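First up is the structure itself, then whatever we jot down about it.
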Amino acid sequence: MLLTLCALITALTCVSGVTVVTQKPAVVTVRTGETATMDCNLGTVTNWNACWYKQIPGGVPQYVLRWYHGWSSVNYGSGFSSPKFTSTHQSQSEYRLIINTVEEGDSAVYYCKTWDNSAKEFVPQQRTKLIVTNNLPPPVLTVFPPSTAELQSNKATLVCLSSQSVPFADVANHCATAPPSSGISTSTAVHRPDQTFQISSSLTIHTSDWNMDQLYTCKVSLGSQTSTQVKDINKSSCPTDS
């Protein structure tokens with residue numbers, strides 16, 4: 001019994017001691033030509049490198065680089081090189097990814113991870129969303145009303161569709177005078193063949209709410225840009241669904 005208890009305590013200690021990798025900030029918004037930086041703390045790991053990855057929503061992760069404080073040079077993945085991408089360290093466990101002269105195509109999610117030798121696994125990671133906003137064309141916003149067939153089922157779905165040149169946008173779909181009867185769901189970005197990205201936001205309400213002719217608003221913005229696209233819709237503006 002005592003041996004079993006000791007083994008259990010040891011196992012719990014190992015689980016609680018798994019390294020926690022932290023990354024900041026959660027979002028970086030920069031203009032074209034500027035420099036973007038993000039920091040990764042490997043926690044208790046001091047004898048392993050920090051691996052950085054880039055991922056566009058809907059795409060596979062791309063290995064960017066890895067760097068260890070004891071190395072003389074950075075190891076790069078295919079398609080990534082200096083001086084565009086580089087890395088530094090502030091301590092044996094603190095690493096920084098630096099992206100110089102950013103372009104639209106650099107907009108993506110970036111994350112670092114490392115190997116936890118005690119757990120024999122790569123440590124789960126946090127992520128940083130990089131948004132490059134300068135000189136971006138405004139998003140194209142389209143609002144779709146509920147169909148006549150759907151209204152007969154006591155449900156109405158309003159879809160807000162945004163198309164833009166970067167994989168990130170804040171899309172909001174709401175009623176100005178009342179909360180939604182059901183809920184709002186927002187999709188991840190879909191990469192289109194024309195190299196644009198589409199994000200949709202669906203608002204589901206009761207048919208009775210739609211029949212009250214309340215005004216519903218769809219709004220989309222890119223990063224910290226001040227320009228915001230807004231479109232309103234209500235029943236009276238959709239005569240085909242009368």
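Please read these numbers as outputs of a predicted model, since none were measured by experiment.
- Within the 4.5 Å cutoff, no side-chain heavy atoms of Leu161 are placed close to those of Leu141.
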- [ ] Please assess Trp52 against Met38 for the test side chain to side chain contact (heavy atoms under 4.5 Å, CB included), listing each intermediate value before the final yes or no.
- [x] CA-CA 10 Å; Trp52 288 93; Met38 52 201 78; 3.7 Å; yes

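- Counting heavy atoms of neighbouring residues, nucleotides and ligands inside a 6.0 Å radius, atom CZ of Arg127 exceeds 12 of them.
- Placement of Trp48 and Trp67 within a single hydrophobic cluster is found when ILVMFWY residues are connected by side-chain heavy-atom separations under 4.5 Å, directly or transitively.
- The closest side-chain heavy-atom distance from Ile131 to Val28 is not below 4.5 Å.
- Considering every non-hydrogen atom in both Lys155 and Thr207, the closest pair reads N-OG1, 2.9 Å.
- Nearest heavy-atom pair across Asn100 and Pro83 is ND2-O, 2.7 Å.
- Counting all heavy atoms, side chain and backbone alike, Val21 lies closest to Cys112 at CG1-SG, 3.9 Å.
- In this structure, Arg66 and Trp71 have side chains that are in contact, with non-hydrogen atoms separated by less than 4.5 Å.
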- [ ] Check step by step if side chain to side chain contact (heavy atoms under 4.5 Å, CB included) holds for Lys113 and Gln126.
- [x] CA-CA 9 Å; Lys113 64 180 181 180; Gln126 298 174 327; over 6 Å; no

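- By the 30° and 60° cut-offs, the orientation of the rings of His191 relative to Phe197 is parallel.
- Rounding to the nearest 0.5 Å gives a distance of 5.5 Å between OG1 of Thr86 and CD1 of Ile98.
- At a cut-off of 3.5 Å, with distance as the only test, no side-chain donor of Ser202 or Thr157 sits close to an acceptor on the other residue.
- Under a hydrophobic-cluster definition in which Ile, Leu, Val, Met, Phe, Trp and Tyr are linked whenever side-chain heavy atoms come within less than 4.5 Å, directly or via other members, Met212 and Tyr216 are assigned to different clusters.
- Put simply, the side chain of Thr204 does not reach to within 4.5 Å of the side chain of Leu158, judged on heavy atoms.
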TODO: Go through the steps to decide whether Cys160 and Val171 satisfy the test side chain to side chain contact (heavy atoms under 4.5 Å, CB included), and finish with yes or no.
DONE: CA-CA 8 Å; Cys160 178; Val171 184; 3.7 Å; yes

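- Every residue two or more places apart in sequence or in another chain that forms a salt bridge (Lys or Arg N to Asp or Glu O under 4.0 Å) with Arg96 is listed here: Asp39.
- Taken from NE2 in His89 to NE2 in His69, the straight-line distance is 7.0 Å, to the nearest 0.5 Å.
- Hydrophobic clustering, with ILVMFWY side chains joined whenever heavy atoms are under 4.5 angstrom apart, keeps Leu151 apart from Val159.
- Connection of Leu42 to Tyr68 is established within a shared hydrophobic cluster, with ILVMFWY side chains joined at heavy-atom distances below 4.5 Å, either directly or through further cluster members.
- Annotation: the span from Lys219 atom NZ to Asp232 atom CG amounts to 11.0 Å, rounded to 0.5 Å.
- Put simply, the side chain of Val102 does not reach to within 4.5 Å of the side chain of Thr32, judged on heavy atoms.
- Residues Phe144 and Leu203 fall into different hydrophobic clusters, defined by Ile, Leu, Val, Met, Phe, Trp and Tyr side chains chained together at heavy-atom separations under 4.5 Å.
- Under a cut-off of 6.0 angstrom, the local environment of NZ in Lys24 is sparse, with at most 12 non-hydrogen atoms contributed by other residues, nucleotides or ligands.
- You'll find the side chain of Val140 stays beyond 4.5 Å of the side chain of Ser162, heavy atoms only.
- Under the 3.5 Å distance criterion, with hydrogens and angles disregarded, no donor-acceptor pair is assigned to the side chains of Thr22 and Asn41.
- The shortest non-hydrogen separation linking Pro167 to Ser107 is CG-O, 3.6 Å.
- Between the SG atom of Cys51 and the OH atom of Tyr63 there is a distance of 6.0 Å, given to the nearest 0.5 Å.
- Among residues two or more places apart in sequence or in another chain, the side-chain hydrogen bond (donor to acceptor under 3.5 Å, both in side chains) test is passed with Gln198 by none.
- Taking CG from Leu65 and OH from Tyr95, the interatomic distance works out to 12.0 Å, rounded to the nearest 0.5 Å.
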Open item on the list: Apply side chain to side chain contact (heavy atoms under 4.5 Å, CB included) to residues Ile99 and Thr35 and explain how you reach the verdict.
Closed with: CA-CA 6 Å; Ile99 307 174; Thr35 297; over 6 Å; no

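- Looking at Asn211, Asp209, Asp213 one by one, the single match for side-chain hydrogen bond (donor to acceptor under 3.5 Å, both in side chains) with Lys235 turns out to be Asn211.
- Within the 4.5 Å cutoff, the side chain of Lys129 has no heavy atoms near those of the Tyr110 side chain.
- With values rounded to the nearest 0.5 angstrom, Ser165 atom OG is found 11.0 Å from Gln195 atom CD.
- For the pair Gln164/Ile199, a side-chain contact is recorded, criterion being any heavy-atom separation below 4.5 Å from C-beta on.
- Classified by interplanar angle (parallel below 30°, tilted 30° to 60°, perpendicular above 60°), the ring pair Tyr53/Tyr111 is parallel.
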